[in-house]
Amino acid sequence: MEYNFREIEKKWQQYWKDNKTFKTYNPTDPEYATSHSGRRGGAPYYVLDMFPYPSGAGLHVGHPLGYIASDIFARYKRLKGFNVLHPMGYDSFGLPAEQYAIQTGQHPEITTKTNIARYREQLDKIGFSFDWSREVRTSDPNYYKWTQWIFIQLFNSWYNKKTNKAENISTLIELFETIGFKGTEDDILTGDLEIYHDGFTVNEWNDFSEATKEQVLQQFRLAYLSDTMVNWCPQLGTVLANEEVKDGVSERGGYPVERKLMKQWSLRITAYADRLLNDLEDIDWTESIKEAQRNWIGKSEGTSLKFKVENQKSKEGMDGEAFIEVFTTRPDTVFGVSFVTLAPEHELVTKITTPAQKKEVEEYVTFAKNRSERERMADVKKITGVFTGAYAIHPFTCKQVPVWIGDYVLAGYGTGAVMAVPAHDSRDFAFAKHFGLDILQVILPPSPLEKGLGDEAFEAKEGTVINSGFLDGLEVKRAIKEAIAVIEEEDLGKGKTNYRLRDAIFGRQRYWGEPIPVYYKDGIPHVLNESELPLILPEVDKYLPTETGEPPLARAKDWKYTPLSGSPHRGEGFDYEYSTMPGWAGSSWYYLRYMDAHNDKEFVSKEAVNYWKNVNLYMGGAEHATGHLLYVRFWTKFLYDLGLIPVIEPAKKLINQGMIQGMSAFVYRLPPLFMWGRDNDKEKYKLPFIFLSKSLNEKLNKKILNLIEIETIKTIAINEFKKLNPHIKEVFSFDLSSCSALHTDVNIVNNNVLDQESFKNWREEYKNAIFITEENGDYICGSEVEKMSKSKWNVVSPDAMVEQYGADCLRLYEMFLGPLELSKPWNTNGITGVSTFIRKLWRLYHNGDVVNIGNEAATKSELKTLHKTIKKITEDIERFSFNTSVSNFMICVNELTEQKCNKREILEPLAIIIAPYSPHIAEELWNILGHTESITYAAFPECKEEYLVESSFNYPISFNGKTRFFQEYERSLPKEQVEKEVLALEQTQKYLEGKIPKKVIVVPNKIVNIVV
RNA sequence: GCGGAUGUGGCGUAAUUGGCAGCCGCGCCAGACUUAGGAUCUGGUGCCGAAAGGCGUGGGGGUUCGAGUCCCUUCAUCCGCACCA
């Protein structure tokens, strides 16, 4: 009996479901003690996949790649005795369901439910060992209740720089009530303050109105409301976070994005910038992700420095006290400053511009402001700017330096002003060259430059400082320190750290997201009481903004906040916040919820989170590098600060599986207008569909078709044309130049060979398609690697693969494809090899149709095969090298087949070690071996080294590093003896050709190398 | 421009610490069986060469008895960031 995967896989999937095989218990669960994990007392191990957004298209073969790998690992850890948490859920709020709702009027919840059901069905077919009892959906009120709860905690917290952690806002109010606030210079200020606040005394604070107090507190809350420049996307009708914008257009949909000032909820992630950066050191994530996060955070250390603006006696508004504050990381080059540049948006621009320059400056500022982000990015190389007419005084040389405006200076970074050092900064250099400004060299490079300083800036942080007064002769790094010291001493500025990271905009003007649990009283935002959660997403008549441009939630009827009885606002109805949370809100803490998914008292219990702690292995795509993975780290640190969880990082280890690209298939159609008859009205013709096989098309393109081939094609084409158009008596012209390549459905192509019958049935117009094939009658398609997408007809769904080859085969094959992290095109060319392997494995346990397991002792070589495999597989799994384990299984089965091994002593452990990879067949074989329980909680066999040791070693004997022949010696034979024996060999003498060896290297049990 | 990753047969890939380059699979070639198939099994298959032998891990150089692996340099492809002072 051949292995019947269809029946067997279904059977075990049902068994797992019926027996709740993968249900995981926390030690506090009553069932824990009697569960497998409880009995074995295994340590907790948490394997998590980044959860999917359930899109309408369903899964394609790329999605399961990571899931299969993590499932193998989870199953392996169970076999090793761990209590494994391996959950799955859905990131079910999001734009596509809402866009669909706008088009069809269908509630996004319905779409989402349907899509989730389809995902579930697809996932189940692949045999994953998820504990579905812990499933979460971010759009479920029982889940988003706690997302809202965390938002309230953020609102009620500020970041205390002294204790370096988030604290309740009450400790800040206490400070205001006891010592007041010194304003912008106060070192309790943190992060990305959009509006600087003046200082105030204790008395002033106490006299502030509630509204003013709240306004002040908004400067400190970790969730706060402020007027912020946002990325507004008109087509999507919402703001987007920085990482949702790529190259000036929205990541989803590719719509233009513009900058707009809006009142917005933001999260003060910048307060955590330093910790987000430093803690990267201690987590085992890929270097590329860490680097992407470092880039995104963009820490740079330097100093601020004030340039006095020269008093212009003639003009009003200039009181002689104006300063331009710049930020620089290169204070060592301060003597090289030859001008100062302001961002067009800089507040001093209007103040300092001289009357003579006024018109020009105003024109320029308008021009710069109206350039969209996209334009600005598109022509980075274009240098624009204008002179203000004003001069600043160099703080050390006291010389005049002109003040310019240039849009290469960003308003949002640093102070929005730079001290320009053209000799040592390429942007300043380009600007100076363009406008003919001075270039002063102040750094002597350590080695002579290839190009002179006249051609490009010398930017490296190395060399010796020259022409620089008190800095002369210092090495660059020393000079930076010295310069900062002097700047601080003379009160010209302060050592300072800047981050590229901006606060995260948290509001979205959309419907399908978590409502922000806030209401407004007298324009002041208040958060809901925790007991009032969840704030349920209300029903609306349309999923569109209101006529007045308010978000969809403003459409909800009678949706007002009425406080709980006993509260001062009784009987009133207040407006809720109408924007909803962004897609990443729910995913920023979901890993915690899985630990305690049904808790209705807390977001996660202390016991549960102290037991599971954080994710041991996190699997997901690299596209979340600066989005989700940064936010989930931020929330984790925040919850840690509040003492709610014991960990500062969400995941100890992170693996990014590679992307599976599509392999598109092409057919080559002869040009439809290659011929015509007497009457040149093509409406009267029916044109045949004639396709040239790949090699003929290539020859055609290279114009190397031979006469016979050309004749054949012509004859076929003309005959077909005549057949279709009997009214045309004569075909006059025939133009055979090039074919058009058409995408064809990859599901009817096998190893580039087109299934011609299926192709004819694929589309009505191809019913009578004619194929001009290769000599063997095959039609060979062309192929190209492209993104997997519906429109390219290259989507391969896992269902089709499971249907044809089975889930085990799909699992093994996806792993066999290559290293997990590598991106590769999906290509089923090799799947038959894996399929054959599974059948071979099955046959090992059978003789013909009957089960054939022997109970006699295994031979030495059988044991060696087994233990060698155990060792390899263990090593492979531990280093996530799943592709190599598949080949090792193949080697093992090939060897055992050769040995005609049917011994239980071998076949039983073999079933266990292969179970994580192909669990269905493993369960069946385990059953055949007489076990009544699932193989899931069997014990992974240990490798016994004694079966692997050989008494002798077959030495490769090499001459000058080239292996010439082999010679076997006892492993214990000493080095000297090996050398002696090798030199005495007849073969050695042959290769020595009478020469005397210069040197003989013997590496015991490795190699012998003779140097001649 | 900066950063990250990857370059090995016709293809996907493999090679603990520097120690037999090409495991395993696909494809291809030959053969067996045959109910002729997209089935199964056996053997072969890096390149050049009739062979002996030579050449081979993107290119060039180096260290070493010995380099796919270490160092320098260079090229190509992919990804991320990008007037971030």
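- Residues satisfying the ring pair (Phe, Tyr, Trp, His ring centres under 6.0 Å) test with A:W826, not counting sequence neighbours, are A:Y813.
- Checking the phosphate oxygens (OP1, OP2) of B:rG4, no side-chain nitrogen or oxygen of A:T286 falls inside 4.0 Å.
- Taking only side-chain atoms of A:T884, from C-beta outward, the nucleotide of B:rA14, B:rA21, B:rA82 with the closest atom is B:rA14.
- Which of B:rA14, B:rU16, B:rG19 sits closest to the side chain of A:N1009 comes down to B:rG19.
- In this structure, A:F959 atom CZ and B:rC20 atom C1' are separated by 14 Å, rounded to whole Å.
- Partners of A:N960 by side-chain contact (heavy atoms from CB on, under 4.5 Å), not counting sequence neighbours, listed by chain and number: A:V1011, A:V1012.
- A:V1003 comes within 4.0 angstrom of a base, heavy atoms only.
- When heavy atoms are screened at a 4.0 angstrom cut-off, A:N894 is found touching the sugar-phosphate backbone but no base atom.
- One atom, CH2 of A:W285, and another, P of B:rG4, lie 19 Å apart when rounded to the nearest Å.
- A salt bridge does not link A:K290 with A:E281: every distance from a Lys NZ or Arg NE/NH1/NH2 to an Asp or Glu carboxylate oxygen is 4.0 Å or more.
- Considering only residues two or more places apart in sequence or on other chains, A:F816 meets the ring pair (Phe, Tyr, Trp, His ring centres under 6.0 Å) condition with none of them.
- Checked by atom type, the side-chain pair A:Y917/A:S885 shows a donor-acceptor distance below 3.5 Å.
- Checking B:rC83, B:rG80, B:rC24 against every side-chain atom of A:Y408, the shortest atom distance belongs to B:rC83.
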> Taking it one step at a time, do A:E287 and A:R294 satisfy salt bridge (Lys or Arg N to Asp or Glu O under 4.0 Å)?
Replying inline: CA-CA 10 Å; A:E287 200 43 45; A:R294 285 188 199 111; 3.1 Å; yes

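- At the heavy-atom level, A:P819 lies under 4.0 Å from the strands shown only through sugar-phosphate atoms.
- Taking atom CD1 on A:I957 and atom C1' on B:rC65, their separation rounds to 14 Å, with Å as the unit.
- Considering only side-chain atoms of A:E287, the nucleotide from B:rG4, B:rG25, B:rC20 that sits closest is B:rG4.
- Note on A:K999: only backbone sugar-phosphate atoms sit closer than 4.0 angstrom, heavy atoms only; bases stay farther off.
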Can you pull every protein N or O that's under 3.5 Å from an N or O on nucleotides 53-57 of chain B?
unit_1, atom_1, unit_2, atom_2, d
B:rG54, OP2, A:R964, NH1, 3.3

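- Not counting sequence neighbours, the partners of A:A69 by the side-chain contact (heavy atoms from CB on, under 4.5 Å) test are A:M619, A:M815, A:L820, A:F882.
- Taking the side chain of A:T329 as heavy atoms from C-beta on, and the options B:rA85, B:rA82, B:rG25, the nearest nucleotide is B:rA85.
- Taking atom CZ on A:F307 and atom C1' on B:rA85, their separation rounds to 12 Å, with Å as the unit.
- Note: A:Y364 and A:F367 have tilted aromatic rings, judged against thresholds of 30 and 60 degrees for the angle between ring planes.
- The side-chain tip of A:K306 points at the ring of A:F323 from less than 6.0 angstrom away and within 45° of straight on.
- A donor-acceptor contact under 3.5 angstrom links the side chains of A:K840 and A:N894, judged on distance only.
- Scored by the ring pair (Phe, Tyr, Trp, His ring centres under 6.0 Å) test, A:F953 finds A:Y955 as partners (sequence neighbours excluded).
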Which pairs, protein N/O on one side and nucleotides 1-3 of chain B N/O on the other, fall under 3.5 Å?
unit_1, atom_1, unit_2, atom_2, d
B:rG3, O2', A:E291, OE2, 3.4

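- Residues passing the side-chain hydrogen bond (donor to acceptor under 3.5 Å, both in side chains) test with A:E875, sequence neighbours excluded: none.
- Partners of A:D332 by salt bridge (charged side-chain N to carboxylate O under 4.0 Å, His left out), not counting sequence neighbours, listed by chain and number: A:R330.
- The nucleotide B:rC41 finds its pairing partner in B:rG31, both defining distances of the Watson-Crick or G-U wobble pair being shorter than 3.5 Å.
- Every residue meeting the ring pair (Phe, Tyr, Trp, His ring centres under 6.0 Å) condition with A:F431, not counting sequence neighbours, appears here in chain and number order: A:F339, A:W404, A:Y408, A:F435.
- Distance CE (A:M419) to C1' (B:rA85): 9 Å, rounded to an integer number of Å.
- If you check B:rU6 for Watson-Crick or wobble pairing at under 3.5 angstrom, you find it paired to B:rA76.
- Here B:rG53 sits opposite B:rC48 as a Watson-Crick or G-U wobble pair (both hydrogen-bonding atom distances under 3.5 Å).
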Could you go over nucleotides 8-12 of chain B and give all protein N or O partners under 3.5 Å, atom names and distances?
unit_1, atom_1, unit_2, atom_2, d
B:rG12, O2', A:L817, O, 2.6

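- Residue whose closest nucleotide on RNA chain B sits further toward the 5' end, between A:S887 and A:T328: A:S887.
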Heteroatom pairs (N/O) under 3.5 angstrom, protein to nucleotides 39-49 of chain B:
unit_1, atom_1, unit_2, atom_2, d
B:rU40, OP1, A:R839, NH2, 2.5

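- Across the strands present, B:rC11 finds its partner in B:rG25; the criterion is a Watson-Crick or G-U wobble pair with both atom distances under 3.5 angstrom.
- Heavy atoms of A:F966 sit under 4.0 angstrom from at least one base atom.
- Put simply, the side chain of A:K872 and the base of B:rU16 share no donor and acceptor less than 3.5 Å apart.
- Within the 4.5 Å cutoff, side-chain heavy atoms of A:L983 are placed close to those of A:I1010.
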> Is there a salt bridge (Lys or Arg N to Asp or Glu O under 4.0 Å) between A:K477 and A:E462 once you walk through the steps?
Replying inline: CA-CA 7 Å; A:K477 294 205 174 68; A:E462 54 187 33; over 6 Å; no

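- Heavy-atom distances to RNA chain B give each of A:S823 and A:K299 a nearest nucleotide, and the one nearer the 5′ end belongs to A:S823.
- Across B:rA14, B:rC65, B:rA15, the shortest atom-to-atom separation from the side chain of A:N883 is found for B:rA14.
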